[in-house]
Every structure is written in C-alpha cells, then in structure tokens.
There are 2 protein chains.
Amino acid sequence: MIEHKTHTLADQVFERLETDILSGVYARGEILIEMELCQKLGVSRTPVREALRRLQQEHLVEEYGKGLKVLGVTTEDLQDIMEMRLRLEGFAAARAAERITEEQLQELKETLDLQEFYLGKHDSDHIKGMDSKFHELVYKFSDSVVIYDTLTPLHNKVQRYRQKSVENNSRANLSVKEHRAIYEALAAHDPKAAEAAILEHTKNAKNHIMKG
Amino acid sequence: MIEHKTHTLADQVFERLETDILSGVYARGEILIEMELCQKLGVSRTPVREALRRLQQEHLVEEYGKGLKVLGVTTEDLQDIMEMRLRLEGFAAARAAERITEEQLQELKETLDLQEFYLGKHDSDHIKGMDSKFHELVYKFSDSVVIYDTLTPLHNKVQRYRQKSVENNSRANLSVKEHRAIYEALAAHDPKAAEAAILEHTKNAKNHIMKG
DNA sequence: CTTTGTATGATTGTATACAATTATACTGCA
DNA sequence: TGCAGTATAATTGTATACAATCATACAAAG
C-alpha cells in the first residue's frame, strides 16, 4: 500500500510472519517461541519481538500462558467477517468510484487481466493471489486510510480461512466476471453501480465460503 | 475486554500512550522521541518501542523521516468512520442482543445509571467517559472478537476528535435517552429493536459531530 | 501409586551496549 | 554573505546480557 523502500528487519520479520500465519505455515493453536523464530529468520530477538507485538495487535496471535499462540479463523469468525464485509464493501467501492485515477484504473485492469489469464491456465494459486490483490487495490483506491485499515484485516482473515478449503473452479470463473463488473463501474466513476456490483460479489462469495 | 491481570511494562506503556494520544496530550503532528518517553515514563526503550510498534499498527502514529509522528483524525477520516459505524453498529447491537448475559446487562445498566448521574451534575468529562464505556461494552458483549477489533478503533478515533470540540449539553441529554433505548432492546434480547435503536443513536451522533 | 516439594531448565521481560543512519551546526572558502 | 563540505551530535535499529517467571521432571514422603 504505502511505499516501503527501506524495510527494516523488524518490518521484514512482520511481513514474513504475517504471510506465514495467513497462509497456514503456522497452524492454528501452534505456540511460537521467540528463539526458534530468531534462528529460522536469522535475526535477534528485538525485531522478532516487535513483529510479534504488531501481530498481537491485529489478533493474529494472542498471549497463551507465557508465550504466544497462533490464532486461527473459526467458522463463527468468518460469519461475522462476511456479514461486516457485506455492510462495508459497498462503501469502499463507492468511494473508490469517486476517487480512482486513470493510472489506478490501469493497475486494476492489469490485475483483472492476469486473473483471467491464470483462470485459463487453471492455476488456482495465482488466481487466488490476483483475487486478493484486486480487493486490496479497491480498498487502497478508496483513498481512505480508515477504509483500508478496517477492511484489509477482514479480507486477510478470509484468505487465511480459504487456505483450508479446496478451490472451486466454477466459482473462480464467476468471480472473475463479477470483478469485471466492479471494474466497469469504477471505470465509469459510478458509485451506485460500484456499490451494487461489489455487494453482489460479496454476497456470492459469502454463500460460497459458508457452504464450503 | 480480556482480563489483563498482570500488566507488563510494555502493556502499561501502550495503554498510557494510547490514552494520551486519544485524549490529545500529544498533539497531531508532534514527533515522539523514544528517550523522552522513556524518561517521562521511567522505563527503558524496549517496552516503549514495543508500545510504539503497536500504536503504529493501529495508525495512531506513523513513520516520519527517522522518527514517529502522532496522527490526528481529520474531518474526512471522521466522515468515513461515522459512515462505517452507521453500517456496523447495528450488527454489533443485534449480536449483543442475542448473546448478552444477565450479568453483562447489569454492568451495562450501571454504566447507564452513572451516565445519568453525571448528567445531573453537568460533569461532561465523566459523561463522555460513560458514553464511551457504554459503546465499548456493547462491542464486548457482542461476544465477537471481529466486531470488537473492528469497531473499537473506530470509536476511539471519534473520541479523539471530539476532544477538540466543545461539549453540547442538550445532545448529552438526548444521548442518554438513546442509550437507554438501546439498553432496553438488549435487555429484551430483541436484535431488530437493538439494531434500530443503535442506528438511530449513531445517525444522531453523526449529525451532531459533523456539525460541530 | 499418588502427591507434593524442590531443583533445574526454558522462555520471556527488561535494560543496556553497540552500530548505523540521519539531522544539525560549524567552519572554511568563494 | 552565501554555500558546501565535514564533523559532531542525536536518534533509531539491532544485538545481547541479565533478571524474573513459569513449566517440567524428578525425588521423597504419605
């Protein structure tokens, strides 16, 4: 989102751990030991600890006895998340429709095109990646830190959950079409249409996820 | 929200700094120097740094050159926040209506009674405090970490903003009445009524804040 | 065999030392 | 006087040392 040119070690550790937790490298319930992380990542405890504090702040890990336990996403969490996204995604999309620039539209379109490309290749990992990126970009292009900070963690946790479930190809196909509809509305700078399109998309995503 | 019996120094520093930023002790744009904070709080850099990383994670401070700058809440942020709260508070209240226990209702009632008490005394600091606590409790009693984590930072930032504006007594009066309506709906375990009541309250709060 | 107490080890919390970077101020030169 | 360059100081980033706490295992007593 923001230009992180000069990653400090602490930043790198944070991003690595966040990715690993979201992608399931660390299982739900697993206990993290600082020194193990230090050895694995080749840094001292200080940057590891700072990264852990940030993860704790966004409830990806929580205190457990003395150490830290990796938090998973329960089905109940997911229900709450999708309900909240149903209520918020439309707002984000409407804002993006008002504010998105031509350059940003171009970036969004490239993401969309790539997603279609990977769909043709049946490369579900990359499809998922582009799917994620598309939504992140919409949050970003809403040009509101509040929207970005609120929706990104919610979306991340859904990704974390979907890691577990098998990918469904027919849904991937529809999902790309829905993304295209969202893109068209944003390109037309039509807030109402964008809100409607993303609401439809989120509804379908919710139904799909809750079934799986 | 969770029982924090054995506050570590880092936790204490975090809470202190968070409170101080939200209450305006540190002005928007102010640069925080680690050593100054250490001396002021009488601890070493380690707990201070960990606290700062957590504040950074919830965007109460941000990197600025080498150091950290205190972030304020702009009017535009506030518009976004209130718009999102309009969409989310109802969900939180509905959940709370389904799940709240008798004991929790008692706690909520005590908060409400105190707010009325302070209203009689025209003690606007304590009125605000109880107002805040009431909403925090609703988030907490929704018994959903997702709801709590999403709405608490939004609410906190509103408090931060209101710090600047003068308190309006007539609004405080109405606000208590609206809180009572919310409480009644929760006590009746009526999700629809709770959602309607808190939506009304949030709408009014939004109008009041945006005017001020 | 169970339970309790103690000792030992593992792990985290905190402080501090050191390195690297950046801002600042001063000096010399044009 | 103005500017550039360099030296110096301030500040953060990282590593490590030390203290405190907690869990575990083992031994002894009932």
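These figures come from a predicted structure and were not determined experimentally. Convention: sequence-line order gives letters A, B, ...; per-chain numbering from 1.
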Going by the side chain to side chain contact (heavy atoms under 4.5 Å, CB included) test, name the single residue among A:Asn207, A:Val176, A:Asn204 that passes it with A:Arg171. A:Asn204
Pairwise side-chain contact, B:Gln57 with A:Glu58, heavy-atom cut-off 4.5 Å (strictly under): yes
In whole angstroms, the gap separating P of D:dA23 from CD1 of A:Ile33 amounts to 12 Å
How long is the line joining CD of A:Glu36 and P of C:dA10, in whole Å? 12 Å
Kindly state which residues belonging to residues 39-55 of chain A come within less than 4.0 angstrom of DNA chain D, counting heavy atoms of the residue only, listed by number. A:Val43, A:Ser44, A:Arg45, A:Thr46, A:Pro47
Between A:Lys140, A:His201, A:Gln159, which is the residue that forms a side-chain hydrogen bond (donor to acceptor under 3.5 Å, both in side chains) with A:His135? A:His201
Would the distance check show the side chain of B:Ser142 and the main-chain N or O of B:Tyr139 forming a donor-acceptor pair, the cut-off being under 3.5 Å? yes
Tell me the interatomic distance from A:Leu9, atom CG, to C:dA20, atom P, rounded to whole angstroms. 13 Å
Please report, rounded to the nearest Å, how far the C1' atom of D:dA17 is from the CE atom of A:Met35. 13 Å
Rounded distance (Å) that lies between atom P of C:dT14 and atom CD of B:Glu34: 16 Å
Contact class for B:Leu32 vs. all strands (heavy atom < 4.0 Å): base, sugar-phosphate, or nothing? sugar-phosphate
Cut-off 3.5 Å, side chains only: do B:His155 and B:Glu136 have a donor facing an acceptor? no
Can you measure B:Ile31 atom CD1 to D:dT11 atom P for me and round it to whole angstrom units? 12 Å
Identify the residue among A:Arg53, A:Arg54, A:Gln56 that makes a side-chain hydrogen bond (donor to acceptor under 3.5 Å, both in side chains) with B:Glu50. A:Arg53
